[in-house]
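A quick write-up on the structure given underneath.
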2 protein chains.
Amino acid sequence: MLSKEELIKLFPDWEKGLYDAVAEHAELRTAKAGSILLKKGQNIKSTMLVVEGTVKLFQENEEGSEYFMYHLNPGEACAVTLVCNYHLEQSQVLAKAVTDISYLAIPIEFMDKWLNEYKSWHYFVIRTYRNRYEELLKTIHETAFKNMDERLEFYIKRQVQQFGNTIKLTHQEIANDLNTSREVISRLLKKMENNGWIALSRNSFDWIKK
Amino acid sequence: MLSKEELIKLFPDWEKGLYDAVAEHAELRTAKAGSILLKKGQNIKSTMLVVEGTVKLFQENEEGSEYFMYHLNPGEACAVTLVCNYHLEQSQVLAKAVTDISYLAIPIEFMDKWLNEYKSWHYFVIRTYRNRYEELLKTIHETAFKNMDERLEFYIKRQVQQFGNTIKLTHQEIANDLNTSREVISRLLKKMENNGWIALSRNSFDWIKK
DNA sequence: TTTTCAATGTGATAAATATCACCTTTCAAA
DNA sequence: TTTGAAAGGTGATATTTATCACATTGAAAA
């Protein structure tokens, strides 16, 4: 388990008692880069609080296609798993580890209890939902109004913000995240290179623009 | 202001004190069908709880195009306006009255206070966010994975669920909601009519299928 | 070094959607 | 009853994106 100091650093707004409760009931788990943390349709058994690394959240369809929605970083939580005790529903999203990660898994039994007992947990849940909701709005905005070239630019900028100017993704991976085909991404990236926005290389490229 | 009985009917899970607080501080307002309740970029001054009628929530882009996300019904609240005191941000969404409506407007000063004072308000906020988040996920799913014919079908089914089998919308209005053009909608509706799914008439059509 | 395979490049073509032009229909107001 | 405006129909064409086919490249493994 994490030390109290580490918990405070990750979740600075919590009450004292909540740190103790987490320390007592949460399990610190790790997962390898690329591993699936939550599948669409899967029953939710525990809440996930990211400690280290980055998680990617997707919408998933019947055929198994994925559509990237947003990232989760240390100190952030998966919104869908936070209040699932109300509904006892299955996950509507797919969550994957981008990097090797560690996270706190809290059995959902505690969710209702903690909402009652810890005001700071309540605020944390609301803040989480609000932030994820806003990310979703951005994603909808891009998807609904923009063509693929602009969506790709938005996607790359999100990556840059997360991981810096070097994007370590294959064209195929980007195509999967944007629910398009590899050829489309290759051609658009080539165009960006011609415009001097990026520098292409194998398995990665660099964002240069601005 | 609404009577306590009316409030209880709309918001059955609240605490006694919360009904009193709402009765004291909320203002009961009305708006005509079609009127804009909240614009993108507008500063949020009050929270909106729907009392009567239906509200439509949109994503809006720079050129003023609208993209329909979901409906709000009596007893439901606009998520974006619920926790804005944290951020003091501007609205990311557009809200329009579909029918003549009445709603409770609560100055946002009370939001933080009530979160502290009323557990049932806290739960109400979380439930609101969770429900809106789920609606957004559905909208993303349709937008990201489906072609226009399937998106139109999904859209019509949402309308049917809201207002019954007669859809009182022009092709242009539907096209606006789905961010496409009138011609595309006209042709797809014609195809649906040929398939026996709908019966077209001027200014409206009926959903027949199943 | 050579081999091999994933990653990428690219032309050709198909499919979906957008846009333009112009026509017909319907209904309400004059 | 006439008429003008809004709603809807539809062909032609442009644009965007998807799909197919196959060539090239580069890096890791043999």
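Throughout, protein chains are lettered first and strands after them, A, B, ... in sequence-line order, and every chain is numbered starting at 1.
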Which comes earlier along DNA chain D counting from the 5' end, the contact point of A:V184 or that of A:N203, where each point is its nearest nucleotide?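 Mapping each residue to its closest nucleotide by heavy atoms, the 5'-most match is A:V184.
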Counting any heavy atom closer than 4.0 Å, what does A:S181 reach on the DNA or RNA strands: base, sugar-phosphate only, or nothing?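 Base, at least one base heavy atom under 4.0 Å.
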Without decimals, in angstroms, what is the distance between [X] [atom1] and [N] [atom2]?
| X | N | atom1 | atom2 | result |
| --- | --- | --- | --- | --- |
| A:L188 | C:dG9 | CG | P | 12 Å |
| A:I174 | C:dA7 | CD1 | P | 12 Å |
| A:M148 | C:dA15 | CE | P | 19 Å |
| A:N194 | C:dT10 | CG | C1' | 13 Å |
| B:F205 | C:dT25 | CZ | P | 22 Å |
| A:K191 | C:dG9 | NZ | P | 14 Å |
| B:I185 | D:dA6 | CD1 | P | 21 Å |

Comparing A:R202 and A:S186 on DNA chain C - which has the more 5′ nearest nucleotide: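 Checking each residue's closest nucleotide, the 5'-ward one belongs to A:R202.
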Test B:I156 against B:W197 for side chain to side chain contact (heavy atoms under 4.5 Å, CB included), laying out the working first. CA-CA 11 Å; B:I156 293 174; B:W197 297 9; over 6 Å; no
Donor-acceptor pair under 3.5 Å: do we get one between B:R182's side chain and the base of D:dA7?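 Looking at the base of D:dA7, it does not pair with any donor or acceptor on the side chain of B:R182 (distance under 3.5 Å).
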Side-chain donor or acceptor of B:R187 under 3.5 Å from a matching atom on the base of C:dT19?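 Looking at the base of C:dT19, it does pair with a donor or acceptor on the side chain of B:R187 (distance under 3.5 Å).
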For A:T54, does its backbone N or O pair with a side-chain atom of A:T99 as donor and acceptor, under 3.5 Å?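 Looks like yes, one N/O pair under 3.5 Å.
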Atom pair CD/CG of A:E193 and A:L188 - distance to nearest 0.5 Å: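 These two atoms lie 13.0 Å from each other.
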Nearest to the side chain of A:H171, heavy atoms from C-beta on, is which of C:dT17, D:dT17, C:dG9?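 It is C:dG9.
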Residue A:E183, side-chain heavy atoms: nucleotide from D:dG8, C:dG9, D:dT19 that is nearest: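 Among D:dG8, C:dG9, D:dT19, the one nearest the side chain of A:E183 is D:dT19.
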Could you check whether B:K56 makes a cation-pi contact with B:Y70, meaning its NZ or CZ is under 6.0 Å from the centre of the six-membered ring and within 45° of the ring axis?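 Not satisfied by the 6.0 Å and 45° rule.
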